[in-house]
Participant: 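Please find one structure pasted underneath; my questions will follow.
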Protein chains: 2
Amino acid sequence: MSVPLYQAKAELFRTLGHPVRIRVLELLQDGPKPVRDLLAAIDVEASNLSQQLAVLRRAGMVTSHRDGPLVMYALSTPDVADLLAAGRRILGAVLTDRDALLDELRGTGGDR
Amino acid sequence: MSVPLYQAKAELFRTLGHPVRIRVLELLQDGPKPVRDLLAAIDVEASNLSQQLAVLRRAGMVTSHRDGPLVMYALSTPDVADLLAAGRRILGAVLTDRDALLDELRGTGGDR
DNA sequence: GACCGACTTGAAGAATTCTGCAAGTGCTAA
DNA sequence: TTAGCACTTGCAGAATTCTTCAAGTCGGTC
């Protein structure tokens, strides 16, 4: 085991730590897509998207293959979707907690 | 509004993108712990641990309160554990895929 | 009060990541 | 074979994150 487990886990999550990469993965949840479509949906430079796709590829989260003139991308495993779903849940929990706290500080809405 | 959703998600995952922070969260899965214990378990400088704890606090993933001479930390929501579990699962899937591929190519040990 | 253990904070240099530009590859159509 | 679309790669400079040191706060003890 050359790479400590904690490091591997951290790298996995860090891979998800970029808005463009998150969007790509979410778009790919609906099935394989060509770069073309991702580019149309995401509003980022082509080279930038390509860099982020390379990161996802290196991390083993997506696979790609050429299909005629297009390059198709797909999630390498459906587990990726689970991870995103878990992220959504926790985001909800954390954000509502934080908002509640903010409201308390601000005294907004002042019931009781 | 102020923070696009994709950005919030990316920030959530980026918060997990550090070995020390991962270890802290895993240790806290077993229940609240004082910094003392985390420090004994993790092998990192006290100030460094404190910095990482501050990151987790700011992200709303842990809470802390003073208990006598000690400062106790706890997960702010059990959903955090779910996220870590999902990470473990996907790590398994991705790593076995990657190792299979590496074995096919050759056996030189290059970590990172 | 003086002191010590338990933590946190601030700041600066090192290391890593991001972004956009320029250039390059591969496929297909003209 | 020239041209054009669809992508990728290499490479700076900018921005962000990490790590460590020095200094500071908070509680309990002597």
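Convention: sequence-line order gives letters A, B, ...; per-chain numbering from 1.
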Participant: With sequence neighbours left out, write down each residue that passes side-chain contact (heavy atoms from CB on, under 4.5 Å) with B/Ala74, or none if nothing qualifies.
Facilitator: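 Once residues adjacent in sequence are excluded, the partners of B/Ala74 under the side-chain contact (heavy atoms from CB on, under 4.5 Å) criterion are B/Pro32, B/Thr63.
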Participant: What I'd like to find out is whether the side chain of A/Val80 reaches to under 4.5 Å of the side chain of A/Gln29, using heavy atoms alone.
Facilitator: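 No - every pair of side-chain heavy atoms lies 4.5 Å or more apart.
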Participant: Does a sphere of radius 6.0 Å around CZ in A/Arg36 hold more than 12 heavy atoms from other residues, nucleotides or ligands, not counting ones at 6.0 Å or beyond?
Facilitator: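 No.
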Participant: Check each residue of residues 23-45 of chain A for a non-hydrogen atom within less than 4.0 Å of any atom in DNA chain C, then write out the ones that pass by number, or none.
Facilitator: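 A/Glu45, in order of number.
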Participant: Hey, what do you get for CG (A/Leu39) to NZ (A/Lys33), rounding to the nearest 0.5 Å?
Facilitator: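 That separation rounds to 14.0 Å.
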Participant: Give the rounded distance in Å between these two atoms: CG of B/Leu16 and C1' of D/dC18.
Facilitator: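 Atom CG in B/Leu16 sits about 17 Å away from atom C1' in D/dC18.
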Participant: For the pair made of CD in B/Gln7 and P in C/dC18, what is the distance, rounded to whole Å?
Facilitator: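 My rounded result for the distance is 12 Å.
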Participant: How many angstroms lie between atom CG of B/Asp37 and atom CG of B/Asp30, to the nearest 0.5 angstrom?
Facilitator: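 Between B/Asp37 CG and B/Asp30 CG, I get 11.5 Å after rounding to 0.5 Å.
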Participant: Just how far, in rounded Å, is P of D/dC18 from CD of A/Glu11?
Facilitator: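 A/Glu11 atom CD is separated from D/dC18 atom P by 13 Å.
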Participant: Send over the distance from B/Leu53 CG to C/dA6 P, rounded to a whole Å.
Facilitator: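 Answer to the nearest Å: 16 Å.
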Participant: In chain order, what residues pass the side-chain hydrogen bond (donor to acceptor under 3.5 Å, both in side chains) check against A/Asn48, with sequence neighbours excluded?
Facilitator: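 For A/Asn48, the residues satisfying side-chain hydrogen bond (donor to acceptor under 3.5 Å, both in side chains) (neighbours in sequence not counted) are A/Gln52.
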Participant: If the cut-off is 4.0 Å, is B/Tyr73 near the phosphate of C/dA6, judged by side-chain N/O to OP1 or OP2?
Facilitator: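 B/Tyr73 to C/dA6 OP1/OP2: no side-chain N or O under 4.0 Å.
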Participant: Between the protein and nucleotides 11-17 of chain D, which nitrogen or oxygen pairs are less than 3.5 angstrom apart?
Facilitator:
from   : atom 1 : to      : atom 2 : distance (Å)
D/dC11 : N4     : A/Gln51 : NE2    : 3.2
D/dT17 : OP1    : B/Arg14 : NH1    : 2.9

Participant: Any donor-acceptor pair under 3.5 Å linking the side chain of A/Arg21 with the backbone of A/Thr15?
Facilitator: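 It does hold such a pair.
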Participant: Hey, could you give me the CD1/CG distance between A/Ile22 and A/Leu27, rounded to the nearest 0.5 Å?
Facilitator: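 One finds 11.5 Å between CD1 of A/Ile22 and CG of A/Leu27.
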Participant: Would you jot down, in residue-number order, the residues of residues 60-72 of chain B having a non-hydrogen atom under 4.0 Å from DNA chain C?
Facilitator: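 Output list: B/Pro69, B/Leu70, B/Val71.
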Participant: Starting from P on D/dT8, measure out to CG on A/Asn48 and report it in whole angstrom.
Facilitator: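 In whole Å, D/dT8 P lies 12 Å from A/Asn48 CG.
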Participant: Can you tell me how far the CD1 atom of B/Ile90 sits from the CG atom of A/Asp82, to the nearest 0.5 Å?
Facilitator: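 So the CD1 of B/Ile90 and the CG of A/Asp82 are separated by 8.0 Å.
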Participant: Applying side-chain contact (heavy atoms from CB on, under 4.5 Å), name anything that partners A/Val35, two or more places apart in sequence or on another chain.
Facilitator: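 Testing A/Val35 for side-chain contact (heavy atoms from CB on, under 4.5 Å), a comparison that skips the adjacent residues, returns A/Leu49, A/Leu53, A/Val71, A/Tyr73.
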Participant: First locate atom NZ of A/Lys9, then atom CG of B/Leu16, and finally report the distance between them rounded to the nearest 0.5 Å.
Facilitator: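 Spacing of NZ (A/Lys9) from CG (B/Leu16) equals 11.5 Å.
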Participant: With hydrogens left out and only the distance checked, is there a donor-acceptor pair under 3.5 Å joining B/Ser47's side chain and the base of C/dC7?
Facilitator: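 When only heavy-atom distances are counted, B/Ser47 does not reach the base of C/dC7 through any donor-acceptor pair under 3.5 Å.
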Participant: How many whole angstroms separate atom CD of B/Gln52 from atom P of C/dT9?
Facilitator: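 Roughly 13 Å, once rounded to whole Å.
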Participant: Check the distance between D/dT9's P and A/Leu49's CG and give it to me in whole angstrom.
Facilitator: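 Rounded to the whole Å, the gap is 12 Å.
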